[in-house]
There are 2 protein chains.
Amino acid sequence: MRIGELASRAGVSVRSVRYYEEQGLLSSTRSPSGQRHYTDSAVERVAFIQRMYAAGLSSRTIIELLPCVDAPSAENSDSALERMAQERDRLTAHIAELVRTRDALDGLMATALAYREHLGKPCPVGR
Amino acid sequence: MRIGELASRAGVSVRSVRYYEEQGLLSSTRSPSGQRHYTDSAVERVAFIQRMYAAGLSSRTIIELLPCVDAPSAENSDSALERMAQERDRLTAHIAELVRTRDALDGLMATALAYREHLGKPCPVGR
DNA sequence: CTAAAACCTCACATTGACGTCAGAGGCAAG
DNA sequence: CTTGCCTCTGACGTCAATGTGAGGTTTTAG
């Protein structure tokens, strides 16, 4: 398929697909006239990239993981595994922080609600 | 206290503190010569701002919450409550997504580990 | 064959939360 | 008084992912 179809299937912009290639996250074959062509697996690949972006990984970091995704071998899985473990830990910490923040937000909401009900004390800064 | 002390106590840069003021997130009294002075509560305030930033809220959004944090009243808590509920939901969704991504990362790691152990099949793109 | 739609490269613009630098003034200690 | 650190304003730089537009080629549909 060509770039437009890939983009719409994966739900991203054409610009993004070109950017991923520019960053070395995605490869394509070129027609004689220079147009990019992709196989179906590229859709999954783009989805994977999106997921990693959503997790807060940068292009740089995703690149480090790709050798293992593409062609796992004893050599590349060593460093990639380390990297993945590292990112996994970061994610876990991040998730915990977000949960704490959500709790803080809940606390603020509770205070505001209480205030609305019986015009109580000032709402302390969230903790 | 002056800006440098606030910044180091709150663990942010001086630049950030000025930026928060510029965005209307933080206020200061000024000495005759124009230097900013803060009370101890500013430290908590900065911590709160940081927490909200970490939760992915923008300055714009944090501003909408502040009236309720500063001086809760029936009028402002209405809109702020709505906003908080909205952000709370967004946070919940985001957390769920991150958990799914972490699971995907775990899957990749398991595959890579299995590969290392008995040189198995190719590692499929993460799902 | 022709017009529309999709594609190409190149390159500048955008957004947000800052970093950083310049040039000037403020303030406590020796 | 002066040395040195802190602060001020203002403005430009950064980074990452993507938007956007120019100017030109290719593919597709009628």
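Residue B:Arg18 is the one, among A:Glu22 and B:Arg18, whose nearest nucleotide of DNA chain D lies closer to the 5' end (criterion: closest heavy atom). Judged by closest nucleotide on DNA chain C, B:Gln50 is the one of B:Arg2 and B:Gln50 placed further toward the 5' end. Each of B:Val14 and A:Ser16 lies near DNA chain D, and the nucleotide nearest B:Val14 is the one positioned closer to the 5' end.
Using cut-offs of 30° and 60° on the angle between ring planes, the pair B:His94 and A:His94 is perpendicular.
Proximity of the aromatic rings of B:Tyr20 and B:Phe48 is defined here by a centroid distance below 6.0 angstrom, and this criterion is not met.
For A:Ile3 and C:dT9, the CD1 to C1' distance is 12 Å, given to the nearest whole Å. When rounded to the nearest whole Å, the span between CD of B:Glu21 and C1' of D:dT9 equals 12 Å. The separation between A:Tyr38 atom OH and C:dC7 atom P is 10 Å, rounded to whole Å.
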Exercise. Apply salt bridge (Lys or Arg N to Asp or Glu O under 4.0 Å) to A:Glu97 and A:Arg100, showing your working.
Key: CA-CA 5 Å; A:Glu97 191 188 346; A:Arg100 281 200 308 274; 5.2 Å; no

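Dashed line: the shortest gap from a side-chain N or O of A:Ser33 to OP1 or OP2 of D:dT27 is under 4.0 Å. Between B:Tyr19 and the phosphate of C:dA17, there is a side-chain N or O to OP1/OP2 separation shorter than 4.0 Å. Between D:dA17 and A:Ser59, a contact under 4.0 Å exists linking OP1 or OP2 to a side-chain N or O. Contact annotation: A:Tyr20 side-chain N/O to D:dT18 OP1/OP2 distance is under 4.0 Å.
Counting non-hydrogen atoms under 4.0 angstrom, B:Arg30 reaches the backbone sugars and phosphates but no base.
Taking 3.5 Å as the limit, the base of D:dT7 and the side chain of B:Arg36 contain no donor-acceptor pair of atoms between them.
The two atoms that bring B:Tyr53 and B:Ser58 nearest to each other are CE2-C, 4.2 Å, heavy atoms only.
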